[in-house]
Amino acid sequence: MKAYRASLLRFDAAGQAEFDADGGLLVGPGPQGTQRVLDVGPWSRVAPACEAPGVVFEDLRGQLIAPGFVDMHIHYPQTDVIGAPAAGLLPWLEHYTFPHESRFADPTYASSVAEFFLDELQRNGVTTALTFATSHPASANALFAAAQARGLRLITGKVLQDRHSPDGVRDQTEQSLIDTEALIRRWHGVDRLGYAITPRFAPTSSQAQLQGAGELAARYPDVWVQSHVAENHDEVRWVAELFPQARSYLDVYRSVGLLRARAVYAHCIHLDADDRALMRDTGAAAAVSPTSNLFLGSGFFDYAAADAAGMAYGLASDVGGGMSFSPFHTMRAAYVVGREGQTKLGLSLSPSHLWWQHTAGAAQAMGLGGVVGNLQPGCEADFVLLNPKATPLLARKTAQAESLDELLFALIVLGDDRVVARTHIAGVQP
Ligand code: GUN
Ligand code: ZN
């Protein structure tokens, strides 16, 4: 067992922050051998357990232990696509993203990017990601193998895209579904890995491929589903042309059984009230990707409408449409986007609510509540050690913080990978 004394952040079941300025965390083996949180709380209460004989103890006072960040939507093969300028989503896909993704047919190339990608997640304090691979099964195999070797809880899947896609990334309807099922059987539930059925977005899948994906989603209910929806006006218009019978873009996914718990849809910007109610009623969740939406000029996620509808959501980087791997950058952009809609209501997103969206809230939206993204007893011991003095300005600013919100806000506005002193995966510091 291992124990740590530091400031400690976690969240209660209602999503409210719990904070001990002087706290203790005790970590040890749980079910399936995974390291879990055994106890957590004020140092005065947990000190006897943390200082018991046989416990390896570390005094980290002056630093903050917080749940590892959960990134609800990212593309590992787009690690090198960050910062590619384009007029908007569709030209960006055509000119940069599809040509680059064609390289992932090569397993050696895919493995080398997978290792770099996981290093980058770790450096930024992200301990769980729901990530796209490419349409090549080799790309999913490469990332699963790399994540397994590191003991990560990670979810990915081979992209399904059998039309409106160039040679090199376009797959074949029947074979794509056979490959998807084989990958589910090989990887889903192995160690901490999970599979996500991954139709890229409605325009690049035939009706037959979408239907096949929906049938797999019904046959494997604890497998994830991930896709994109309602990101960009040109994309929404295109979907209306391609699927004239659908009430809306989101309705295309409903009609084939791809809206359910553990289904995560990136963006969800141009939805209407019926769509939001459908998200809520089916248990599907939105992956809010503000740095991507700002970079590609896609629009602003409507937090007020999402809250009014009661739909689930959490934060995501959406690299490489997104501008950064850093959860601090994503939370900061979410704050700016949240102000857009909420100032008219006299509200803005609180720092602890932003943090929750990238940890416990994201995990809950994905069906991993109580497993990752939090540090309550029983949670898997994925956590970060944050240095509030990582830069001169942060040191100055955090020293003046008089409340938890002031401390978290200073980190959100001024923080980046320099704040992340360590990332522990299942209790282990890699
Ligand atoms: N829609 C379909 N594919 C993509 C992608 O790779 N990135 C983003 N941001 N949107 C998409
Ligand atoms: Zn995306």
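As the structure lists them, so they are numbered: ligands from 1, and atoms in each ligand from 1. Keep in mind the model is a prediction, meaning the values are calculated, not measured.
- Between Trp238 and Phe201, the ring planes are perpendicular. Angles over 60° get that label, and only those under 30° would be called parallel.
- The pair Asp382-Arg192 meets the salt-bridge criterion, since a charged nitrogen lies less than 4.0 angstrom from a carboxylate oxygen.
- At a heavy-atom cutoff of 4.0 Å, ligand 1 is contacted by no atom of Thr204, backbone or side chain.
- Taking a cut-off of under 4.0 Å to the non-hydrogen atoms of Phe201, the atoms of ligand 1 that pass are 1 (N), 2 (C).
- Among Thr180, Asp171, Thr134, Asn141, the single residue meeting the side chain to side chain donor-acceptor pair (under 3.5 Å) criterion with Lys158 is Asp171.
- Rounded to 10 degrees, the OD1-metal-NE2 angle spanning Asp318 and His73 at the Zn ion (ligand 2) equals 90°.
- Neither the backbone nor the side chain of Glu235 has a heavy atom within less than 4.0 Å of ligand 1.
- Remark: ligand 1 and Arg200 share an N or O pair separated by less than 3.5 Å (distance only, no angle test).
- Not one N/O/S atom of His267, from backbone or side chain, sits under 2.8 Å from the Zn ion (ligand 2).
- Taking the centre of each ring, Tyr303 and His353 stay at or above the 6.0 Å mark.
- If you check which protein heavy atom lies closest to atom 7 (N) of ligand 1, you get Trp92 CZ3, 3.4 Å.
- A perpendicular orientation is assigned to the rings of Phe104 and Tyr109, their planes being inclined by more than 60° (bins at 30° and 60°).
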